Amino acid sequence: MPTSANSARAFADLSGRTALVTGAGNPRGIGFAAAGLLRALGANVVVTATSDRIHERARELGATAVVGDLTEPADVTALAAAAGPVDILVNNAGMTSVSAPGESAAFLDTDPAMWRAGMSRNLDTAYLVTRAFLPGMLERGWGRIVNVASVTGPVVAYPGDAAYAAAKAAMVGLTRALAVEVGGSGVTVNAVAPGWIDTGPSASDHERRMGRATPVGRSGRPDEVAAAIAFLAAPEASYITGTLMVVDGGNTVQEEKAGG
């Protein structure tokens, strides 16, 4: 019987596992933070982004880089061939990318092309990548899928980004449906819902003001979301599936807000 100290040291040991993190090109982003923590826990890591900057992130991590547009099935097929078997999948790609800016507008100004683009970037990527790597997990009888959703859509909303909110809410529905389908096969499927996270250049002054209005009094850090992702990816999290873990500094539970 291992001692509690030994058990604590062994917690979330990912040695021998391979993790794929999508959307990891931003050095201040959630994807890069998650990839770094999974690497520190012993996993072999594959990272993706839509631009060549992912090669720099991979060098910093000691990881493998793949460039691709994960809204395109052909690029996902190429990713699967390059990555090989994957045990841990973090579907972080979405929102915006440096190669294709995001689509944000009031609902009546969101034309069908903008709607489809927003859904494709924020939902279809998770669908396509999961579909590519899930069969291998089921064959091996072990897997962890963590979808990076948002509090926007599943829990709250703000005006001017209906496609994003709809896609992130749908991602939680996908998480739960898939968790039910594969729960008996050794594969867990969960989602994290970040709130106001300071991701460097991609975070606006308005977002930082909203972060200061949370009970914690600041925006979150990408490494704090990464910690939730790593927990759900751990072998010890084997009885947690179909859940949504909110990481928002208590913002969505406070009834009174100061407005930043």
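Here the structure is a predicted model, which means the values were calculated and not measured.
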* Asked: For the side-chain contact (heavy atoms from CB on, under 4.5 Å) test, which of Val182, Leu89, Asp87 pairs with Met137?
  -> Leu89
* CA sep, side-chain torsions, deciding dist, call: Leu128, Leu70, side chain to side chain contact (heavy atoms under 4.5 Å, CB included) -> CA-CA 7 Å; Leu128 290 170; Leu70 302 184; over 6 Å; no
* Asked: Quick one: side-chain hydrogen bond (donor to acceptor under 3.5 Å, both in side chains) pairs with a partner in residues 62-73, sequence neighbours left out?
  -> Asp69-Thr71
* Compare all side-chain heavy atoms of Ile54 with those of Thr48 and state whether any distance is below 4.5 angstrom. => no
* Asked: If we only count heavy atoms from C-beta on, is the Trp142 to Arg17 side-chain gap below 4.5 Å?
  -> yes
* Asked: Would you say the side-chain atoms of Arg39 pair up with the backbone N or O of Val45, donor to acceptor, closer than 3.5 Å?
  -> no
* State whether Glu224 and Arg221 are salt-bridged, where the test is any N-O pair (Lys NZ or Arg NE/NH1/NH2 against Asp/Glu carboxylate O) under 4.0 Å. => yes
* For Arg131, does the CZ atom have more than 12 heavy-atom neighbours from other residues, nucleotides or ligands under 6.0 Å away? -> no
* To do: Check side chain to side chain contact (heavy atoms under 4.5 Å, CB included) between Ala170 and all other residues, then give those that pass, not counting sequence neighbours.
  => Leu123
* **Stepwise side chain to side chain contact (heavy atoms under 4.5 Å, CB included) check, Thr214 with Asp248** => CA-CA 8 Å; Thr214 67; Asp248 75 341; over 6 Å; no
* For the side-chain contact (heavy atoms from CB on, under 4.5 Å) test, which of Val192, Val189, Ile229, Asn190 pairs with Asn147? -> Val189
* Asked: Should the pair Phe11 and Phe231 be assigned to parallel (<30°), tilted (30 to 60°) or perpendicular (>60°) ring geometry?
  -> parallel
* Flag side-chain contact, heavy atom, 4.5 Å: Pro159 against Phe107 -> no
* Asked: Are a donor atom and an acceptor atom from the side chains of Thr125 and Asn91 found within less than 3.5 Å of each other?
  -> no
* **Flag side-chain contact, heavy atom, 4.5 Å: Thr18 against Pro85** => no
* Asked: Got a sec: does the CD of Glu60 have more than 12 other heavy atoms crowding it under 6.0 Å?
  -> yes
* **Non-hydrogen side-chain atoms of Pro222 and Asp198 separated by less than 4.5 Å** => no
